[in-house]
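This report refers to the structure that appears directly beneath it.
Just so you know, ligand 1 is whichever comes first in the structure, and atom 1 is the first atom listed for that ligand. For the numbers below, each heavy atom of this structure counts, side chains included, while hydrogens, waters and symmetry mates do not.
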Amino acid sequence: MSYAEVYAAWKADPEAFWMDAARAIDWDRAPKKALTDKGDDLYAWFADGLVNTCWNAVDRHVEAGRGEQTAIIHDSPVTHTRREISYVELRNRVATLAGALRAKGVEKGDRVIIYMPMIPEALEAMLACARLGAIHSVVFGGFAANELAVRIDDAKPKAIIAASCGIEPGRIVHYKPLLDGAIEQATHKPDFCVIFQREAEVAHLTEGRDVNWHGFQYGVEPAECVPVEGDHPAYILYTSGTTGAPKGVVRPTGGHLVALNWTMKNIYNVDPGEVFWAASDVGWVVGHSYICYAPLIHGNTTIVFEGKPVGTPDPGTFWRVISEHKVRSFFTAPTAFRAVKREDPTGEFIAKYDLSHLRAIYLAGERADPDTIEWTQDKTGKPVYDHWWQTETGWTIAGNPVGIEAMPVKIGSPTVAMPGYDIRILAEDGSEKPDGELGAIAVKLPLPPGTLPTLWNAEERFRKSYLTTFPGYYETGDAGMKDADGYLWIMARTDDVINVAGHRLSTGGMEEVLASHPDVAECAVVGVKDELKGQLPMGFVCLTKGVNRPAAEVEAECVKLVRDRIGPVAAFKLCKVVDRLPKTRSGKILRRSMAAIADGEEVKVPATIDDPAILDEIREGVSAMGYPRG
Ligand code: COA
Ligand code: AMP
């Protein structure tokens with residue numbers, strides 16, 4: 001069947017399409033129907049089925065005789081180690097870990113926060129939760145204690161599983177003090193913490209609260225897989241919204257299994273037994289879906305890579321991993337290739353490795369600029385497929401369904417809508433825009449299986465964030481257009497979310513931090529273009545009347561404050577004290593005009609501007625920071 005036929009078949013009968021896809025999953029009780037319309041724009045998938053994610057990702061492959069196949073390869077240039085874990089080993093390790101968690105009181109529905117670097121134990125912790133029907137929430141290691149505390153208070157975990165440390169090139173990330181600080185700050189306290197001690201740093205355990213990863217598993221009864229309802233939450237993943245309070249995206253169990261399994265062949269074009277690699281981090285959605293769950297559910301070998309595209313030790317690392325482990329499909333963010341290209345523009349390192357097993361490269365997480373796609377395609381000789389998705393959806397909204405039919409690539413477009421997504425381009429009044437015209441990108445409800453049914457404990461916020469602007473549609477927060485061939489073009493966010501090195505960040509969240517500085521009266525943070533990371537945050541602050549301190553001092557404090565409160569991942573290093581912020585007469589800060597100045601673009605000055613002269617001061621501030629860049 002062609003892509004057009006598959007998409008049409010889904011559209012004609014979505015229920016039959018997803019029930020058919022659901023047959024690839026092992027159910028404890030098969031669902032009788034796919035979609036449940038709960039009314040009021042809320043939906044559930046496979047709600048009457050009973051299923052276990054860990055069974056589908058691990059045990060069933062052992063039962064099917066695949067136990068000796070490698071499930072996880074840990075390739076860690078930062079610790080100079082390599083390790084392989086077979087499916088049967090993984091099953092045994094996860095069953096014991098789950099048994100130990102159960103012995104300490106963790107049950108179906110309990111939340112467990114996981115704060116770990118790129119080690120197989122992070123996946124084991126996720127799978128152990130899934131085995132019990134406990135709901136995990138993985139927090140990215142680059143976030144500061146405060147961000148962890150916010151998540152602890154929202155998810156109210158019974159347990160936290162953490163590692164003693166993470167390893168960034170040139171420094172050890174001390175997880176334990178961050179964890180202790182977060183628990184101290186949080187109102188909710190977990191019953192206990194499990195600490196995985198790494199060789200690079202052994203952390204001090206808090207008596208009565210912390211247990212050692214190995215010690216607490218000693219002699220416990222391994223746990224069996226606990227079947228859960230199809231719409232039981234599998235996990236919560238916090239993501240940036242318009243304010244500092246992150247949104248707890250809920251992932252439903254049944255739809256997640258069905259949809260992810262479907263994508264492995266149809267989008268990533270791999271068969272069970274083949275090696276699949278997503279170079280991301282378990283703290284992000286790409287890591288949840290494509291380092292942990294999808295490859296394992298589909299019976300592939302997944303790679304947990306603890307390193308960077310460059311500097312660990314050189315820009316040939318990606319190609320080494322691909323060649324040594326015979327990777328078939330490789331997935332990363334465009335920023336990673338921009339980093340590689342900067343250090344190895346002629347592709348010298350690529351030529352050193354045998355990439356004959358690699359079929360294709362997939363990019364997502366941020367806009368893929370044509371230069372990067374063309375360079376990667378040119379130098380590797382492999383097709384490069386951009387695809388567009390979000391934490392909220394957990395899998396591709398628009399992509400190239402190469403397992404069905406490789407659609408001609410149009411560089412700059414993530415290609416076409418996947419089955420399950422009825423994508424529309426809408427004007428502000430909700431009417432549909434003609435092909436070729438820019439508008440808000442929305443998806444007609446219901447969203448397909450695996451996508452968020454709600455936000456954790458925040459149904460009103462869910463409605464307000466996604467459902468109210470365009471009744472009957474899910475608002476993606478992205479703007480773009482469709483062309484006459486049905487190809488999608490993603491142009492920009494419609495909110496103040498920015499994308500820094502493929503990491504989604506909220507400028508509103510950074511403004512909240514800056515505003516808490518005692519000498520800051522007002523502030524604005526905008527996303528400016530960056531050649532390597534795509535975007536970088538740039539802050540402007542106005543001092544409180546009467547404060548007469550050197551501007552540079554306050555600027556340095558502001559930079560430190562954001563790093564301490566949000567974390568190094570915010571990459572907030574550009575900050576300038578200015579006298580005033582440009583505003584409209586009604587007091588709205590003109591963030592777009594400020595970003596345009598920093599990007600060296602034509603600045604459209606709104607007629608409603610309060611005082612155009614203020615833009616000149618912004619220009620001076622921007623120029624003092626070295627912007628716009630050549
Ligand atoms: N734990 C602690 N700190 C972390 C971290 C983690 N897991 N991940 C990143 N950080 C830190 C970095 O050390 C850096 O700190 P610094 O300011 O002291 O240098 C900061 O957070 C910013 O990190 P990042 O923006 O990721 O940049 P980087 O310096 O680590 O380099 C590139 C990353 C430029 C090489 C980039 O190409 C890249 O690969 N980014 C990651 C892409 C990715 O995986 N995106 C996920 C979506 S698919
Ligand atoms: P995240 O939830 O972190 O995956 O970020 C999702 C956002 O990243 C999307 O809403 C887009 O703004 C952006 N994004 C992700 N993939 C792409 C892509 N292929 N092209 C353009 N933007 C993308």
- Task: Evaluate the 4.0 Å heavy atom contact test for atom 47 (C) of ligand 1: does a protein atom fall under the cut-off?
- Result: yes
- Taking the six-membered ring for Trp, are W277 and F331 ring centroids under 6.0 Å apart? no
- Query: Any idea which part of A571 is under 4.0 Å from ligand 1, heavy-atom wise: side chain, backbone, both or neither?
  - Reply: neither
- Task: Considering the heavy atoms of D386, write down every atom of ligand 2 situated less than 4.0 Å from one of them.
- Result: 18 (C), 19 (N)
- Message: Closer than 3.5 angstrom, by distance alone: can the side chain of Y7 be matched with the main-chain N or O of V416 as a donor-acceptor pair?
- Response: no
- Query: Counting each atom of ligand 2 from 1 as listed, which ones have a heavy atom of I490 under 4.0 Å away?
  - Reply: 21 (C), 22 (N)
- Is the closest side-chain donor-acceptor distance between Y238 and R151 under 3.5 Å? no
- Ligand-residue contact atoms, ligand 2 with N499, heavy atoms, under 4.0 Å: 8 (O), 13 (C)
- Message: Would L532 count as a contact residue for ligand 1, given that I'm defining contact as a non-hydrogen atom of the residue lying under 4.0 Å from a ligand atom?
- Response: yes
- Note on the structure: The closest protein heavy-atom partner of atom 39 (O) of ligand 1 is P309 CG, 3.2 Å
- From atom 32 (C) of ligand 1, is the closest protein heavy-atom distance below 4.0 Å? no
- If you scan protein heavy atoms around atom 30 (O) of ligand 1, the nearest is K308 NZ, 2.6 Å
- Determine, for E324 against K352, whether the closest basic-nitrogen to carboxylate-oxygen distance falls under 4.0 angstrom. no
- Message: Please confirm whether G365 approaches ligand 2 to less than 4.0 Å, judged on its heavy atoms.
- Response: yes
- Message: Between the side chains of R338 and E366, is the shortest nitrogen-to-carboxylate-oxygen separation below 4.0 Å, so that they form an ion pair?
- Response: yes
- Query: To which protein heavy atom is atom 10 (O) of ligand 2 closest, and what is the distance rounded to 0.1 Å?
  - Reply: D478 OD2, 2.6 Å
- Scan side-chain atoms only and decide if H387 and N400 contain a donor-acceptor pair under the 3.5 Å cut-off. no
- Would you call K573 a ligand 1 contact, heavy-atom distance under 4.0 Å? yes
- Item | Identity of the nearest option to atom 41 (C) of ligand 1, non-hydrogen atoms only, from A144, G170, A501 | A501
- Item | contact_flag G365 ligand 1 heavy-atom lt 4.0 Å | no
- Going by the atom numbers of ligand 1, which of them fall below 4.0 Å from some non-hydrogen atom of A339? 35 (C), 37 (O)
- For ligand 1, which atoms have a heavy atom of G142 less than 4.0 angstrom away? 1 (N), 2 (C), 3 (N), 4 (C), 5 (C), 6 (C), 7 (N)
- Task: Quick one: look up the protein heavy atom nearest atom 20 (C) of ligand 1 and list residue, atom name and how far away it is.
- Result: P568 O, 3.3 Å
- Return yes if a side-chain donor-acceptor contact under 3.5 Å exists between W388 and D478, otherwise no. yes
- Query: Strictly under 4.0 Å, does any heavy atom of E366 approach an atom of ligand 1?
  - Reply: no
- Task: Return yes if a side-chain donor-acceptor contact under 3.5 Å exists between E459 and T454, otherwise no.
- Result: no
- Task: Give the residue and atom name of whichever protein heavy atom lies nearest to atom 38 (C) of ligand 1, and the separation in Å to one decimal.
- Result: T335 CG2, 3.9 Å
- Query: Just going by heavy-atom distances, which of M118, M116, E168 is nearest to atom 9 (C) of ligand 1?
  - Reply: E168
- Under 4.0 Å from any heavy atom of H387, which atoms of ligand 2 are there? 16 (N), 18 (C), 19 (N)
- Please write down residue, atom name and distance for the protein heavy atom closest to atom 26 (O) of ligand 1. H503 NE2, 2.9 Å
- What part of W389 sits under 4.0 Å from ligand 2 if we count only heavy atoms: the side chain, the backbone, both or neither? backbone
- Item | Pairing residues for P233 by the side-chain contact (heavy atoms from CB on, under 4.5 Å) criterion, not counting sequence neighbours | I135, V250, W456
- Message: R171 versus ligand 1: do any nitrogen or oxygen atoms come within less than 3.5 Å of each other?
- Response: yes
- Polar contact flag for T391 and ligand 2 (N/O pairs, less than 3.5 Å): yes
- Query: Would the F276 and F330 ring centres measure less than 6.0 Å apart?
  - Reply: no
- Which residue owns the protein heavy atom closest to atom 23 (O) of ligand 1, what's the atom, and how far is it? K533 NZ, 4.1 Å
- Say whether Y290 and T302, considering side chains only, have a donor N or O and an acceptor N or O under 3.5 Å apart. no
- Query: Mind checking whether F140 has a heavy atom under 4.0 Å from ligand 1?
  - Reply: yes
- Please write down residue, atom name and distance for the protein heavy atom closest to atom 18 (O) of ligand 1. R563 NH2, 2.8 Å
- Considering only the protein, which heavy-atom contact is closest to atom 44 (O) of ligand 1, and what is its distance? S280 CA, 3.7 Å
- Residue pair T239 / R504, side-chain donor-acceptor N/O under 3.5 Å: yes
- Task: Scan side-chain atoms only and decide if K176 and Y115 contain a donor-acceptor pair under the 3.5 Å cut-off.
- Result: no
- Tell me yes or no: between the side chains of S413 and T415, is some donor less than 3.5 Å from an acceptor? no
- Query: Would you find a donor on one side and an acceptor on the other, under 3.5 Å apart, between the side chain of T312 and the backbone of V78?
  - Reply: no
- Sub-3.5 Å N/O-N/O distance, R504 and ligand 2: yes
- Write down the atom of A155, the atom of I236, and the distance for their closest heavy-atom approach. CB-CD1, 4.5 Å
- Item | Atoms of ligand 1, numbered as shown, that sit under 4.0 Å from any heavy atom of V569 | 21 (O)
- Item | salt_bridge(K308, E168) N-O dist < 4.0 Å | yes
- Item | Side chain S76, main chain T79, donor-acceptor under 3.5 Å | yes
- Task: Could you tell me whether ligand 1 has any atom less than 4.0 Å away from a heavy atom of G166?
- Result: no
- Task: Taking the side chain as every heavy atom from C-beta outward, state whether K341 and T376 have any pair of such atoms under 4.5 Å apart.
- Result: no
- Message: Within ligand 1, which atoms have a heavy atom of G141 less than 4.0 Å away?
- Response: 1 (N), 2 (C), 6 (C)
- Measure from atom 14 (N) of ligand 2 to every heavy atom in E366, K247, R493 and give the option owning the shortest one. E366
